[in-house]
Amino acid sequence: MIAPSDRTPLPREFFDRPVLEVAPDLLGRTLLRTTPDGPIALRLTEVEAYDGPNDPGSHAYRGRTPRNTVMFGPPGHVYVYFTYGMWHCMNLVCGPEGQASGVLLRAGEITEGAELARTRRLSARNDKELAKGPARLATALGVDRALDGTDACAAGDTPIRILTGTPTPPGQVRSGPRTGVAGEGGDGDAHPWRYWVADDPTVSPYRAHVPKKRRS
DNA sequence: CCAGAGATAGGCT
DNA sequence: GCCTATCTCTGGG
């Protein structure tokens, strides 16, 4: 149980930094999701950085659209997108307004409200799978486009906030290439975009991007 | 246990 | 026509 005194959200200045600084600093922090059915707390174990218009993998690469408008807004807000016709994924906007950088929340450990999360993740075979993967994480937390633009730094009983918690010590942070992003075929890109907690069982397995085969 | 195939279907080029 | 993904089924080691 999280003490009421520990429920203060991270300040907006935390997110108003270069995305490659913010991303590893988010590991170990607690995301507190407040729903009408109860709270769910998640300890972040895997994240991925997207560097706005400079980054071909970013939704903001080709400029502002109705879908990605939140990315161009102030830091500390939640960007939620719908993908593959079924799933939602959740990002935190970073850097100054207009820069359109963000951190994709890829995996975490449910530390409170697991019973509620299980009702949303019926296919999970164990609790480590509840939020192992970005769309699983959003599903477990009950996050969809209705929460796009939510201010994670607001005071009061907000639906989403990131608590200071206990950040993962730098010695426990690992980094590597992003998963599943087209155009990063392995060793070419030296940038460490993906960060995770060493040896944590809730981190999603690495999947290199595989172009779809053409039907014969 | 792992890898691959097929399905899902909105947003954007 | 591809994409910041996942589920279920199938076949191999």
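Just so we're on the same page: letters track the sequence lines, and every chain starts at 1.
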Indicate if W196(A) and I162(A) have the same hydrophobic cluster label, given that clusters are the connected sets of ILVMFWY residues with side-chain heavy-atom separations under 4.5 angstrom.
no

Out of dG11(B), dT6(C), dT4(C), whichever nucleotide has its closest atom nearest the side chain of L104(A)
dT4(C)

Between dT8(B), dA5(C), dC12(B), which one does the side chain of P66(A) approach most closely?
dC12(B)

In whole angstrom, what separates [X]'s [atom1] from [N]'s [atom2]?
X: Y84(A); N: dA5(B); atom1: OH; atom2: P; answer: 15 Å
X: D148(A); N: dG11(B); atom1: CG; atom2: P; answer: 12 Å
X: H88(A); N: dC3(C); atom1: NE2; atom2: C1'; answer: 16 Å
X: E129(A); N: dT8(C); atom1: CD; atom2: C1'; answer: 13 Å
X: R62(A); N: dT13(B); atom1: CZ; atom2: C1'; answer: 7 Å
X: M86(A); N: dA7(B); atom1: CE; atom2: P; answer: 11 Å
X: R125(A); N: dT6(C); atom1: CZ; atom2: P; answer: 13 Å
X: M90(A); N: dT6(C); atom1: CE; atom2: P; answer: 15 Å

With R12(A) as the cation and F15(A) as the aromatic partner, state whether NZ or CZ is under 6.0 Å from the six-membered ring centre and within 45° of the axis.
no

Going by heavy atoms in the side chains, are I110(A) and I40(A) under 4.5 Å from each other?
yes

If you define the side chain from C-beta out and look only at heavy atoms, does anything of V47(A) sit under 4.5 Å from L27(A)?
yes

Please determine whether the number of non-hydrogen atoms from other residues, nucleotides or ligands lying under 6.0 Å from atom [atom1] of [X] exceeds 12.
X: E115(A); atom1: CD; result: no
X: F82(A); atom1: CZ; result: yes
X: N126(A); atom1: CG; result: yes

Hey, which of these two, W87(A) or R145(A), hits DNA chain B nearer its 5' end, going by closest nucleotide?
W87(A)

Please list, one pair per line, the donor and acceptor atoms closer than 3.5 Å that link side chains of residues 128-137 of chain A to other protein atoms, with sequence neighbours excluded.
unit_1  : atom_1 : unit_2  : atom_2 : d
E129(A) : OE1    : R125(A) : N      : 3.0
E129(A) : OE2    : R125(A) : NE     : 3.4
E129(A) : OE2    : R125(A) : NH2    : 2.9
K132(A) : NZ     : P201(A) : O      : 3.2
R136(A) : NH1    : K132(A) : O      : 3.0

Hey, where does DNA chain B pair up into stems, meaning at least three consecutive Watson-Crick or G-U pairs with distances under 3.5 Å?
B:1-8 with C:5-12, B:10-12 with C:1-3

Establish, with yes or no, whether the OP1 or OP2 oxygen of [N] is under 4.0 angstrom from a side-chain nitrogen or oxygen of [X].
X: R136(A); N: dC7(C); answer: yes
X: R121(A); N: dT6(C); answer: no
X: T65(A); N: dC12(B); answer: yes
X: S123(A); N: dC7(C); answer: yes

Do T35(A) and D37(A) have side-chain N/O donor and acceptor atoms under 3.5 Å apart?
no

Please tabulate, one pair per line, each protein N/O and nucleotide N/O from nucleotides 11-13 of chain C that are separated by under 3.5 Å, including the distance.
none

Examine Y81(A) together with H59(A) and report whether their ring centres are nearer than 6.0 Å.
yes

When we call it a touch if two heavy atoms are under 4.0 Å apart, what does T139(A) touch: a base, just sugar-phosphate, or nothing?
nothing

Going by ring centres under 5.5 Å and near-parallel planes (under 30°), is Y50(A) stacked on dT4(C)?
yes

